[in-house]
Amino acid sequence: MAYTKEIDKKWQRIWQDSNAFRVRVKDLKRPKYYCLVMFPYPSSELHVGHGRNYIIGDAVARYKRMRGYYVLSPMGWDAFGLPAENQAIKNNIHPREWTLRNIKKITSQLKSWGMSYDWEREITTCFPEYYRWTQWLFLQLYKKGLAYRKEAPVNWCRSCQTVLANEQVVEGKCERCSTEVLLKNLKQWFFKITDYSQRLLDDLGKLKNWPERVRLMQENWIGRSIGVSIKFPVDGLSQEIDCFTTRPDTIFGATFLALNFQHPAVSRIIDDSLQKEAILDFIEEVKKEEPLLSYNADFEKKGIFTGKYAVNPMTGKKIPIWVANYILSGYGTGAIMCVPAHDSRDFDFAKKYGLDISPVIEDPNQEQGTFEQLSQAYQGQGKLINSDDFNGLDSEAAKEKISDFMETKGIGIRQINFRLRDWLVSRQRYWGAPIPIVYCPDCGEVALDEGDLPVLLPEADKFLPTGRSPLADNEDFIHINCPKCGKEAQRETDTMDTFVDSSWYYLRYISPANNQVAFDSQDVNRWLPVDQYIGGVEHAILHLLYSRFITKFLADQKIIDFDEPFERLFTQGMIVKDGAKMSKSKGNVVAPDYIIDKYGADTMRLYILFIGPPQKEAIWQDEALQGSRRFLQRSLRLIDMLKSLREQSLEDLSSSAEKQLLRKIHLTIHEVTKDLEGDFQFNTAISRIMELVNQTYKSVSVGISKNTFFQAVDTVFLLLSPFTPHVSEEANSLLGNKESIFDRSWPEAKPEFLKKEEVEIGVLVNGKIKEKMKISLNCPKEEVEKNALSLPKIEKIISENSPKKVIYVKGKIVNIVI
RNA sequence: GCGGAAGUGGUGGAAUGGCAGACACGCUAGGUUGAGGGCCUAGUGGUAGCAAUACCUUGGGGGUUCAAAUCCCCCCUUCCGCACCA
């Protein structure tokens with residue numbers, strides 16, 4: 001028999017008609033398993049690069065089903081967002097229409113790949129039935145003060161004409177369109193994710209089954225640093241400037257202060273300065289440059305002296321206060337104490353403007369007395385010098401001592417700072433969930449009642465980005481009576497970032513049709529956390545951080561009783577072709593539809609899983625597909641061969657080919673299971689099944705019983721079934737099995753077949769071992785001391801200990817592992 | 001600059017201390033075929049040799065070990081994340 005397209009269609013129909021993958025959340029007779037792939041943004045057809053994600057997910061879901069789990073594997077659409085709008089502008093089509101058209105296309109693609117989704121749970125974030133609850137989520141956050149509006153310098157994309165979250169700015173450029181991002185002072189909506197900084201960081205420790213890489217990326221993004229906030233009095237003014245530093249040990253070397261131009265103290269400090277005009281000019285100049293968020297390599301530090309001095313609280317010395325362009329406004333207090341001897345940035349600045357450089361940490365590599373000729377700052381640890389009572393201390397110890405001292409004297413206070421900023425969620429664009437807030441001339445900012453949801457996204461026909469939301473032009477939408485006082489009021493016209501939609505969707509799958517609540521808490525508590533989440537690493541700090549935050553928030557509200565959404569995370573690598581990520585613009589996309597048409601869905605599935613370790617990037621090679629096709633055909637041909645074999649009872653299986661094949665069957669089961677239970681090593685699992693097929697072929701020529709041969713063939717398709725469901729189902733029924741292959745349980749290796757054949761090994765030893773041998777590890781100690789083993793001794797050790805492993809190289813035993 | 005991952009045949013990759021190159025692609029030869037494709041058989045890291053075989057070989061250099069792709073030290077290269085975060 002051969003693999004044809006008809007096999008795909010036949011089994012897809014049977015699965016659909018029998019509702020094979022439907023899950024009833026209340027039914028928990030078997031242990032649950034929630035297998036989730038990151039839902040797609042329906043921007044165009046899927047290519048094989050996208051396919052890897054879903055194929056891995058489906059292999060996991062199908063494998064777990066066979067292991068006896070009740071597996072939930074849902075699919076939905078992250079359907080709001082900019083690309084839909086951009087297409088709308090370009091092709092004069094409504095974003096909804098464009099999105100739904102893509103959804104339809106992708107749905108049919110996924111079905112043709114044989115995915116085992118419960119399609120009754122499909123969710124679409126741009127439908128009011130869904131975004132109503134996104135708005136509900138916003139209101140919950142608002143009620144707790146975690147959704148708030150403030151004016152702040154925010155990231156602004158000129159081309160998309162909207163604000164962006166920090167996470168959406170990549171190397172100073174818009175993640176979407178690569179336009180350089182500007183800083184603009186705007187009043188915007190934020191979620192207070194920073195309230196959760198510490199917990200988001202701490203709980204990374206719980207995520208043992210997340211890739212190390214993702215945890216590190218989140219850790220860096222949250223960016224916790226411990227230090228001291230130090231008060232510097234301004235000479236001649238009743239004013240203090242707080243500076244955060246992680247190096248209190250270098251305080252004696254602080255020779256000047258530098259402020260960002262936005263620092264609140266600046267205007268007072270320069271008020272009576274003779275240089276006031278020049279300083280204001282400088283600030284104007286910096287302001288003009290500041291908007292560009294990215295600092296390129298040739299960014300030049302510059303600053304201007306304010307004319308005022310601060311007092312170093314430890315030395316009592318007066319140190320000049322500068323305004324400088326290299327001080328970040330958003331981090332710490334926007335003012336820093338500068339220690340040019342031990343900070344390369346301060347060093348550059350001090351050199352340029354001739355400011356004092358005063359070393360206070362001994363550089364072990366620097367000769368004494370050459371401070372004046374310093375060519376760079378020493379940023380390492382070391383012994384303190386020129387630091388009064390603290391001289392001689394090591395910097396780590398000094399940090400503690402100096403911090404203690406400052407706290408008792410009231411000079412400074414220990415502080416923890418995070419790099420993480422609040423999540424900017426408002427967008428000045430059309431295709432998103434409206435923010436459920438009203439502005440009343442009397443009551444101010446008023447939240448809508450939950451009962452008034454959803455705030456429907458009004459129809460529109462113009463989407464051109466103008467810098468303000470297109471909703472603002474819709475008179476019918478804007479006008480509303482204030483929910484509090486009934487007076488005429490106006491709606492908020494910004495929409496929400498699409499990452500809000502996707503920050504909670506995994507909860508909605510549990511009760512997708514519920515119109516009373518966002519999700520049923522009881523059911524959600526039973527089914528979550530997600531057992532296995534699968535997706536691309538590009539979401540390591542966007543979606544995955546936001547989802548963790550929202551989950552923690554909901555847990556705090558006692559709406560759910562778990563505080564991490566994803567138990568295990570798997571990040572698959574990209575598939576590249578011609579040295580680049582697949583993309584339409586590069587013209588290197590491989591269309592799966594064509595492959596399925598030519599070779600069948602299982603050939604594609606098998607090849608994508610076989611292409612390489614799934615967490616690593618893989619290179620697509622069209623020619624190599626042929627190998628997967630060949631293998632499937634070769635495997636199916638085994639079924640035809642069965643007929644020609646002789647019947648034989650199990651008792652007289654004596655041939656060594658027979659024994660070897662039995663051993664291979666069980667070894668393969670053992671190894672494939674290990675590969676799947678570990679880190680989804682599909683590539684090696686498949687190669688092992690290929691070995692089994694090869695050996696089964698070979699054993700025919702030697703002579704083999706029908707029973708054993710049948711076992712081998714049956715095992716091949718059973719082990720293959722998570723990868724090649726259609727072919728396996730077909731083979732299963734051809735082999736006369738009544739049950740569907742997915743109702744059969746995963747095979748178990750019988751240990752008696754796995755044992756290595758130990759008996760002959762002693763014979764292979766030709767009398768003596770290498771003269772100078774030291775036996776490592778597990779050999780009995782006294783034998784090691786004797787330094788050599790004779791044949792009888794080896795035989796004794798082997799017979800007494802039945803070793804796991806006897807290693808012999810070229811006829812000599814070199815180690816015995818017991 | 002900081003943090004991380006990786007470097008193995010013509011190619012994708014196996015092997016996490018035990019005979020490197022499993023499995024697959026490609027290639028070569030032979031068979032089958034009207035031809036092409038498909039399929040079957042054999043071969044396929046390098047050098048020398050008719051051959052058995054010998055020597056060399058996991059980015060480079062050193063070390064530990066009876067034994068290193070694997071562990072340790074130094075260096076080189078590539079990719080990824082963060083980046084004037086004080």
Side-chain angles (χ1 to χ4, degrees), chain A residues 2 170-172 211-221 223-225 227-228 230 243-248 250 254 258 294-297 299-301 324-339 342-346 348-349 379 417-421 537-538 540-541 573-574 576 606-607 610-613 615-631 633-634 637 671 681 683-694 697 701 769-777 784 787-788 805-817:
Chain A
V170 179
E171 289 177 354
E212 178 76 20
R213 182 155 78 114
V214 174
R215 292 202 310 244
L216 278 167
M217 279 164 75
Q218 292 211 357
E219 201 179 309
N220 289 336
W221 189 261
R224 181 181 193 263
S225 49
V228 185
I230 304 172
C243 297
F244 175 76
T245 181
T246 54
R247 294 293 302 270
T250 63
S294 61
Y295 295 98
N296 29 25
F299 174 83
E300 207 200 335
K301 291 183 181 61
N325 67 343
Y326 73 100
I327 310 303
L328 299 173
S329 64
Y331 185 80
T333 59
I336 60 162
M337 68 172 214
C338 299
V339 185
H342 304 294
D343 182 287
S344 63
R345 298 156 297 182
D346 300 343
D348 294 345
F349 193 79
Q379 307 195 89
N417 248 325
F418 293 94
R419 206 182 75 93
L420 185 67
R421 294 283 96 89
V537 75
E538 66 273 17
I541 43 183
M574 269 188 329
V576 301
L606 193 71
Y607 174 60
F610 183 62
I611 193 167
Q615 58 278 85
K616 274 180 64 184
E617 186 177 283
I619 297 166
W620 182 269
Q621 290 170 308
D622 281 318
E623 322 81 71
L625 257 176
Q626 198 60 247
S628 297
R629 163 81 172 180
R630 198 175 292 158
F631 167 69
Q633 299 291 18
R634 229 165 100 79
R637 222 173 300 127
E671 297 290 335
Q681 296 310 304
N683 55 329
T684 48
I686 291 167
S687 75
R688 289 185 162 116
I689 303 171
M690 288 172 168
E691 284 182 55
L692 177 57
V693 168
N694 291 345
Y697 262 100
S701 56
I769 313 277
K770 262 186 172 176
E771 277 295 298
K772 250 179 52 196
M773 195 176 135
K774 279 187 235 155
I775 289 174
S776 66
L777 293 173
V784 178
N787 253 355
K805 195 152 75 167
V806 177
I807 296 150
Y808 55 97
V809 176
K810 290 172 186 168
K812 289 177 183 173
I813 293 191
V814 293
N815 193 14
I816 300 173
V817 181

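The sequence lines fix the lettering, A, B, ..., with proteins before strands; numbering per chain opens at 1. Values reported hereafter were calculated over all heavy atoms of this structure, with side chains retained and with hydrogens, waters and symmetry mates removed.
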| message | Could you tell me how far B:rC50 sits from B:rG38 if I compare only their C1' atoms? Round to whole Å. | response |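 Taking atom C1' in both B:rG38 and B:rC50, they lie 36 Å apart.
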Less than 4.0 angstrom between a side-chain N/O of [X] and OP1 or OP2 of [N], yes or no?
X        : N      : value
A:Arg637 : B:rC40 : yes
A:Arg213 : B:rG3  : no
A:Arg629 : B:rG38 : no
A:Arg630 : B:rG26 : yes
A:Arg634 : B:rC40 : yes

| Would you find more than 12 non-hydrogen atoms of other residues, nucleotides or ligands less than 6.0 Å from A:Arg634 atom CZ? |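 More than 12 within 6.0 Å, yes.
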| task | State the dot-bracket string of RNA chain B. Criteria: Watson-Crick or G-U wobble, both atom distances under 3.5 angstrom; notation: ( ) intrastrand, [ ] crossing earlier pairs, | interstrand, . unpaired. | result | (((((((..(((.....[....)))(((((((.....)))))))((((....))))..(((((..]....))))))))))))....
Which whole-number value in Å describes the distance from [X] [atom1] to [N] [atom2]?
X        : N      : atom1 : atom2 : result
A:His342 : B:rA86 : NE2   : C1'   : 14 Å
A:Ile541 : B:rA83 : CD1   : P     : 8 Å
A:Glu671 : B:rA22 : CD    : P     : 17 Å
A:Glu219 : B:rC2  : CD    : C1'   : 13 Å
A:Phe631 : B:rA24 : CZ    : C1'   : 11 Å
A:Glu212 : B:rC82 : CD    : P     : 17 Å
A:Gln633 : B:rC40 : CD    : P     : 11 Å
A:Leu216 : B:rG4  : CG    : P     : 7 Å

| said: For the residue pair A:Lys301 and A:Tyr326, would you count it as a cation-pi contact if the rule is NZ or CZ under 6.0 angstrom from the ring centre and within 45 degrees of the ring axis? | reply: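 Yes, A:Lys301 and A:Tyr326 form such a contact.
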Determine the contact category for [X]: base if any of its heavy atoms lies under 4.0 Å from a base atom, sugar-phosphate if only primed atoms, P, OP1 or OP2 are that close, otherwise nothing.
X        : answer
A:Asn694 : sugar-phosphate
A:Gly223 : nothing
A:Ser225 : sugar-phosphate

| Nucleotide nearest A:Asp343 when distance is taken to its side chain, options B:rA24, B:rA86, B:rG4 |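 Within the option list, the nearest is B:rA86.
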| query | What string of B, S and - do you get for nucleotides 7-13 of chain B, 5' to 3', when a contact is any protein heavy atom under 4.0 Å? | reply | ----SBS
| Glycosidic conformation of B:rG9, taking syn as within 90° of 0 and anti otherwise |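 Classified syn.
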| query | With A:Phe610, which residues qualify under ring pair (Phe, Tyr, Trp, His ring centres under 6.0 Å), at least two apart? | reply |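 Counting only residues at least two positions away or on another chain, A:Phe610 forms no ring pair (Phe, Tyr, Trp, His ring centres under 6.0 Å).
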| Does a side-chain N-to-carboxylate-O contact under 4.0 Å join A:Arg688 and A:Glu691? |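 Not counted as a salt bridge, because no side-chain N and carboxylate O are separated by less than 4.0 Å.
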